[in-house]
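Take a look at the structure set out below.
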Amino acid sequence: MSLILWCLFSACGKKVVNSDPKADLTTVLPPTHKANDPGLVQQEDLSNQITLVEQGRGAIPIIVYPEAPPRTLASAEELADYIKKITGIRPPVITRGLSELPDKAIWVGVQPAVRQIFPNVDFSFYYPEETLIHADGSHLIIAGRDRWLEGGMYAQGDKKIIEGIQLEYGTCNAIYTFLQDYLGVRWLGPGELWEEYPRRPNLSIPAIHYRYHPQLRSREGVFHFMELGSKRSSEEEKDWLRRNRLQYSSLNVEGGHGFTEWWEKYHEDHLDYFALLPNGKRELDGNPKTVKLCMSNPAVWRQWLVEVKQKLKENPSQQVFNASSNDGWTHGHCTCADCRAWDEVPMTAKDFNLSDRNVRFANELARLLKTEFPAEDYYVLMHAYGDIGRKVPVKAQVADNVIVASVHNFYVRDSLESERFETMKEQFLGWSRITDRLIWRPNIPGYAGTKIGMPDIALRESYEQVKFAVEQGIIGLWIDTYWGHWSTQLPQYYLLSQLVWNPSREYEAIMEDFYARAYGEAAFVMQDYWELTDRKKAELLATTPEGYSTFFMHQIFNEEWLSLAHKKLDLALSMVKDDQRLSERIQFHRAGLEVVEQMLELKQLQLQFARSRESGQAKLNAKMSQVLLHIQTKLADSPPHAFNRMYTIKEADIHENPAEYEFKPSKKMLKAIKKRN
């Protein structure tokens, strides 16, 4: 099945509504390339312009189609808000039907009048999430492929019902594209501090013809803590994700494991659901959340389908259903004869491979799902995960309604010359050759302190690795884990937001625009600051035993680096001292650096503690308690969004009461010290 055919949804089954009943949502166009085909058409005529706002005459109206869903209408209101920010005049937003056509207008969404106004424009949308922006000297239309379920635009979120869910948000994403690409608005980070837009009394744009459809249909997982309904992020962070066109994607997947609650729910009555262990028993093997299933048991398949039906009650718009094995890939897999018959490489072999088993399990669920819901385009999600699941299957073929999440960790993780890096990349390539339904889902282990808020960035490297994955035909990206430490990782987040929406963009264009808009006169100094940090992270990975760099961060991010980093921030601040907004941005990064200093001191003391004799440990522990108190204080005093404080405290093991802190070196730390010595 071709990628484009797979992407198009059936018009049967549930009542699917779209913005224009005349719009062609079924025509299949052949893909021009398997990968890296953003479908971008962009034409401008500078000699023919439309004036949106003119001082003394006001703004032309924004007309939204009357049936527009809530989030489309909200995006139209945002369009009006930003036009006011730019010009001081807010255009009226009209949602009712018109008795006669205005001489000039901004039309949001395909509606009957636009076919009359633009007789030569094709208003069919052939591709998922396709967007259209077209303007002549009198009228502008901003539209896209909008689809939603009648009566099904809701889901159960973390704490409340999420409303206004759509299957596709083409018009919303078209509005944010127009604001960024044609009105010059940028959302560099969350909140007003990082919002950029020009200010001018009059606002005109050239005649435009623009069409685009994104290759990556699953995007919100790059910053999944900011997804719709999440309680782990602020509303300003969710706004940032939405406006950069990552939140409103059309293929929402789960990045976690699929059966973490099964033991608690079913083990008392259905031990047969669970793996037969080498001791001949079906019992708990460690953590209930990592228990494995008897994949060959049809009763497991049927129970999974029962849970799918329950999920559809909670979220009628859900289309992808998780069937990924639980974590802890090193143990607990089923040894029954039927499960082992699915293995092409037996469990006793040195190069043990469970990929065939995992694919066959996903295929059985996919078959059952299609039988139960023949008119719906529902998909099973499986992870290619762990050393025994990342290998390419020997014989099993991935079914058409199975999506594979590739957990191949070559994303800014190890030294580029490492054997592990090359192995992961080769395995990823193998999967890309056997399925068109591949999502890349790398883990970031935090070897340079990603999770705790250290300045762990790898700008060009991440750009090149995402581009590489896109060129292999991935349809989505889900990264574990960026937690929203904006003061120390901001350019990394912004780069990804731009690249994931449009992977054809060039690195230099994205970053030069970022530095200029974020820091003004201090752009070159701040570019040096971030590139220095980028190089130090690469040095850390290149000079430290693989997987242990977290313990030795302070030896690379050392006093010399800290001194130079502070000098660059001081210089940048002196260059923008007369601009309060830019000064606040530099101070925002300084607040991050001050927390980083304390983190590095804590890591250094922990390492000294692990190497010291008992006679010196009490003194070191007292110092650590003092540093922890400083970290808590600086985190509390830092500006909004500087750190995701909850995750910094959690991942760094910062105790609520530093005075009671007693450090105990982990086995991994002791092993790292021994290996480094």
Side-chain angles (χ1 to χ4, degrees), residues 42-64 74-94 102-108 131-143 171-210 236 239-240 242-245 494 497-498 505 509-523 575-576 578-585:
Q42 188 168 8
Q43 301 166 350
E44 296 181 18
D45 181 2
L46 296 176
S47 65
N48 185 17
Q49 295 197 339
I50 175 174
T51 298
L52 307 181
V53 176
E54 186 175 359
Q55 296 298 313
R57 303 187 69 176
I60 65 176
I62 297 173
I63 304 173
V64 186
S75 297
E77 295 286 356
E78 281 191 274
L79 173 62
D81 290 341
Y82 278 100
I83 290 176
K84 181 180 180 181
K85 287 182 178 183
I86 293 169
T87 66
I89 299 175
R90 190 180 197 275
V93 178
I94 301 172
D103 293 334
K104 294 185 177 183
I106 301 171
W107 300 86
V108 171
T131 59
L132 168 67
I133 302 172
H134 183 92
D136 59 21
S138 300
H139 292 273
L140 163 67
I141 179 169
I142 305 172
T171 298
C172 295
N173 288 327
I175 287 172
Y176 299 126
T177 296
F178 177 75
L179 284 168
Q180 174 175 304
D181 293 354
Y182 293 98
L183 299 192
V185 182
R186 296 291 186 276
W187 301 279
L188 305 169
E192 291 186 5
L193 177 63
W194 295 101
E195 194 172 79
E196 280 289 311
Y197 48 84
R199 292 166 179 80
R200 59 187 64 152
N202 302 314
L203 184 60
S204 299
I205 60 167
I208 303 165
H209 182 71
Y210 173 98
E236 290 178 323
D239 290 343
W240 177 86
R242 181 184 72 255
R243 291 164 177 166
N244 282 298
R245 295 154 294 180
Y494 184 76
S497 75
Q498 297 298 297
R505 293 196 63 190
I510 296 173
M511 295 311 300
E512 287 174 9
D513 182 72
F514 168 78
Y515 291 127
R517 292 176 184 271
Y519 307 116
E521 293 295 321
M575 297 174 74
V576 298
D578 296 328
D579 189 316
Q580 181 180 351
R581 188 178 184 79
L582 296 181
S583 296
E584 286 181 23
R585 291 177 181 175

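Source: prediction; values computed, not measured. As a basis for the values below, the full set of heavy atoms in this structure was taken, side chains included, without hydrogen atoms, waters or symmetry mates.
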Holding to side-chain hydrogen bond (donor to acceptor under 3.5 Å, both in side chains), I want the full list of residues that pass it with Arg505, two or more places apart in sequence or in another chain. Gln498
What pairs with Asp136 under side-chain hydrogen bond (donor to acceptor under 3.5 Å, both in side chains), at least two apart in sequence or on another chain? none
Could you work out, with ring pair (Phe, Tyr, Trp, His ring centres under 6.0 Å) as the rule, every residue matching Tyr176, not counting sequence neighbours? none
Trp187: ring pair (Phe, Tyr, Trp, His ring centres under 6.0 Å) partners, not counting sequence neighbours: Tyr82
Kindly compute the distance separating [atom1] ([X]) from [atom2] ([Y]), expressed to the nearest 0.5 Å.
| X | Y | atom1 | atom2 | value |
| --- | --- | --- | --- | --- |
| Asp181 | Ile133 | CG | CD1 | 7.0 Å |
| Leu52 | Ile89 | CG | CD1 | 11.5 Å |
| Ser497 | Arg186 | OG | CZ | 10.5 Å |
| Ile141 | Ile208 | CD1 | CD1 | 12.0 Å |
| Leu188 | Tyr519 | CG | OH | 8.5 Å |
| Thr131 | Asn173 | OG1 | CG | 7.5 Å |

Parallel, tilted or perpendicular: which describes the rings of His139 and Trp107, with under 30° parallel and over 60° perpendicular? tilted
Looking only at side chains, do Arg200 and Thr87 share a donor and an acceptor under 3.5 Å apart? no
I'd like to know if Lys84 and Asp81 make a salt bridge, using a cut-off of under 4.0 Å between side-chain N and carboxylate O. no
Taking the side chain as everything from C-beta on, heavy atoms only, tell me whether [X] gets closer than 4.5 Å to [Y].
| X | Y | value |
| --- | --- | --- |
| Ile63 | Val108 | no |
| Leu183 | Ile83 | yes |
| Tyr210 | Thr177 | yes |
| Asn202 | Val53 | no |

Residues in side chain to side chain contact (heavy atoms under 4.5 Å, CB included) contact with [X], at least two apart in sequence or another chain:
| X | answer |
| --- | --- |
| Ser583 | Leu573, Val576 |
| Lys104 | Ile60, Ser138 |
| Glu584 | Leu193, Gln580 |
| Met575 | Ala522, Val525, Leu571 |

For Gln180, is the CD atom crowded, meaning more than 12 foreign heavy atoms sit under 6.0 Å from it? yes
Please, which pairs that meet side-chain hydrogen bond (donor to acceptor under 3.5 Å, both in side chains) have at least one residue in residues 49-63, sequence neighbours excluded? Thr51-Ser204
Which residues share a salt bridge (Lys or Arg N to Asp or Glu O under 4.0 Å) with [X], sequence neighbours left out:
| X | result |
| --- | --- |
| Arg581 | Glu196 |
| Arg517 | Asp513 |
| Glu236 | none |

Taking the side chain from Arg199 and the backbone from Lys85, do they hold a donor-acceptor pair closer than 3.5 Å? no
Between Ile205 and Tyr182 the two heavy atoms that sit nearest each other are CG2-O, 4.1 Å
Quick check: closest heavy atoms across Cys172 and Ser75, and the distance to 0.1 Å? SG-OG, 3.4 Å
